[in-house]
*Asks:* 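Before we start, here is the structure in question, set down as structure tokens.
Treat the numbers as computed from the prediction; the structure is a model and nothing was measured. Remember, it's 1-based here, ligands and their atoms both numbered in the order they're listed.
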Amino acid sequence: MSAMIEVRDVSKSFGGVIANDKVSLDVPEGRVTGLIGPNGSGKTTLFNSIVGYHPIDEGSIKFEGTEISDMLVPQIARLGLLRTFQQTRIYSKMDCVKNMLISIPHRHETFKTMFQEYPPEATDEAERLLEFVGLYSKRKLISGDLSFGQQKLLEFAMALMNKPRLLLLDEPTAGINPTLINGLIDRLRMAATEMGVTLFVIEHNMPVIMNLADNVYCLANGKLLAHGTPDEIQNDERVINAYLGGHLEMEDA
Ligand code: ADP
Ligand code: MG
């Protein structure tokens, strides 16, 4: 079976900086694929390339067999391929339900853009997804008043509002209170198993990746360093030297 996303020999430079250097990887459907690597190793750049945020210099990116590397963000989003950001992007002065309603730009053809004119089904769906991420009781609160972790849950729910087939999550647990992390992991896993959303996740928190991902890629200096099961990656000498060793020291500091 071919992968949902096939990245082949993708390179991307910014001026003299080679952010991705002939990266090839597969994201299989219905699974959770992890992406790790030191800061600056090119993880976010690869996500940006996949969702059409910027053109690649060379290589090929296929989504279900279709070349998407020459498509723009809205076109790719319409195929069901979405991302969330390292920093949350919510509308902090609006309540959670309104955030959910305005987060569906590529479905605006069917809805009026003014949120008060959204059909009741959209509000129902928004409330159902807020319940799914554990924010139902906060649905009428101004989203800027939520904790950072709750804002991340809201952002995740906003992405689900678009009915993605594949969701790219850039450090979903960064800055989240440890007590909320387990809840978020459960929700991510349920999105994969119950809603059929394939996940591709950049994550610095190694226990989270080990818990969540079926297979893991490691980047270093823009190049693919290793690929394997979480267990294989955790015990891979190259990964330990390039990333885990330094990363563990950092956490101890
Ligand atoms: P990671 O997400 O793994 O921390 P990034 O993909 O953000 O790494 O960055 C990879 C490299 O590309 C870094 O050296 C970074 O400074 C550089 N880079 C990323 N985006 C840009 C940009 N828009 N302009 C210039 N340099 C960039
Ligand atoms: Mg990054």
*Asks:* In terms of atom number and element, which parts of ligand 1 are under 4.0 angstrom from non-hydrogen atoms of Thr45?
*Replies:* 5 (P), 6 (O), 9 (O), 10 (C), 19 (C)
*Asks:* NZ of Lys12: more than 12 outside heavy atoms within 6.0 angstrom?
*Replies:* yes
*Asks:* Does a donor on one side chain sit under 3.5 Å from an acceptor on the other, for Asp170 and Thr44?
*Replies:* yes
*Asks:* Given Gly222, Gly40, Gly37, identify the one with the heavy atom nearest to atom 11 (C) of ligand 1.
*Replies:* Gly40
*Asks:* So with a 6.0 Å cut-off around CG of Asn221, is the heavy-atom count from everything else above 12?
*Replies:* no
*Asks:* Any idea which heavy atoms bring Ile36 and Val239 closest together, and the distance?
*Replies:* CD1-CG1, 4.1 Å
*Asks:* Quick one: does Val17 get an N or O within less than 3.5 Å of an N or O on ligand 1?
*Replies:* no
*Asks:* Under 3.5 Å between some N or O of ligand 1 and some N or O of Gly42?
*Replies:* yes
*Asks:* Pull out every atom of ligand 1 sitting under 4.0 Å from any heavy atom of Asn39, numbered as shown with elements.
*Replies:* 4 (O)
*Asks:* Are the charged groups of Glu58 and Lys22 less than 4.0 angstrom apart, N to O?
*Replies:* yes
*Asks:* Does one hydrophobic cluster hold both Leu130 and Met195, with members joined at side-chain heavy-atom distances below 4.5 Å?
*Replies:* yes
*Asks:* Would you say Thr44 has an N, O or S atom lying under 2.8 Å from the Mg ion (ligand 2)?
*Replies:* yes
*Asks:* With heavy-atom distances below 4.0 Å as the criterion, list the atoms of ligand 1 near Pro38.
*Replies:* 3 (O)
*Asks:* Only heavy atoms of Ala19, strictly under 4.0 Å: list the atoms of ligand 1 that pass.
*Replies:* 10 (C), 11 (C), 12 (O)
*Asks:* Just going by heavy-atom distances, which of Tyr53, Phe47, Phe14 is nearest to atom 18 (N) of ligand 1?
*Replies:* Phe14
*Asks:* Looking at Phe156, I'd like to know if the NZ or CZ of Lys152 sits under 6.0 Å from its six-membered ring centre while staying within 45 degrees of the ring's axis.
*Replies:* no
